[in-house]
Amino acid sequence: RRVLFRSPLAGDQRTVWVATYDGTAEVTTKEGRVLGPTPYALTGPLGKNYELWLRRPGFQPHKVDVQINANKKEYTFGLEKNETPDGKND
């Protein structure tokens with residue numbers, strides 16, 4: 001009888017969720033390719049880092065770094081509102 005052992009780092013694919021507070025945002029790559037709305041399921045190999053951008057009308061684009069991690073299942077981010085010319089938030 002043979003028992004096979006797989007290393008958790010040997011190409012294991014995992015999914016983490018990218019979410020935003022107070023509504024949805026568009027998730028894009030650093031090159032601007034649209035991936036989808038939040039909450040977004042990001043799947044990749046364990047340990048891989050991704051640079052993503054979160055965009056929502058009326059808010060400043062927000063760069064986030066997300067790592068596929070065995071211990072963390074969700075990353076939740078807040079977005080800052082754009083300021084109007086009078087210095088007040090929209």
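Since this is a predicted model, take the numbers as computed values, not measurements.
Applying the 6.0 Å contact sphere to CD of E80 captures no more than 12 heavy atoms from other residues, nucleotides or ligands. The environment of D22 atom CG is sparse: at most 12 non-hydrogen atoms of other residues, nucleotides or ligands sit within 6.0 angstrom. Heavy-atom contacts from other residues, nucleotides or ligands closer than 6.0 Å to NZ of K30 number 12 or fewer.
The NZ atom of K72 sits 16.0 Å away from the CZ atom of R14 when rounded to the nearest 0.5 Å. Taking CZ of F77 as the start and OH of Y21 as the end, the distance is 9.0 Å to the nearest 0.5 Å. To the nearest 0.5 angstrom, H62 atom NE2 is 6.5 Å from L54 atom CG. Once rounded to the nearest 0.5 Å, the distance linking CD of Q13 with NZ of K48 reads 10.5 Å.
In this structure, R56 contributes its side chain and T24 its backbone to a donor-acceptor pair below 3.5 Å. Side-chain atoms of N82 come within 3.5 Å of backbone atoms of Q60 as a donor-acceptor pair (strictly under, hydrogens ignored).
Shown here for L79 and A25, the closest heavy-atom pair between the two residues is CD1-CB, 3.9 Å. Taking every heavy atom of both residues into account, L35 and Y40 meet most closely at O-CE1, 3.3 Å. Across all non-hydrogen atoms, the minimal contact from Y50 to T43 is OH-O, 3.9 Å.
Placement of V34 and L52 in two distinct hydrophobic clusters is found when ILVMFWY residues are connected by side-chain heavy-atom separations under 4.5 Å, directly or transitively.
Side-chain atoms of T76 and E74 form a donor-acceptor pair, as typed in the model, at a separation below 3.5 Å. Checking T38 against T20 by side-chain atom types alone, a donor-acceptor pair falls below 3.5 Å.
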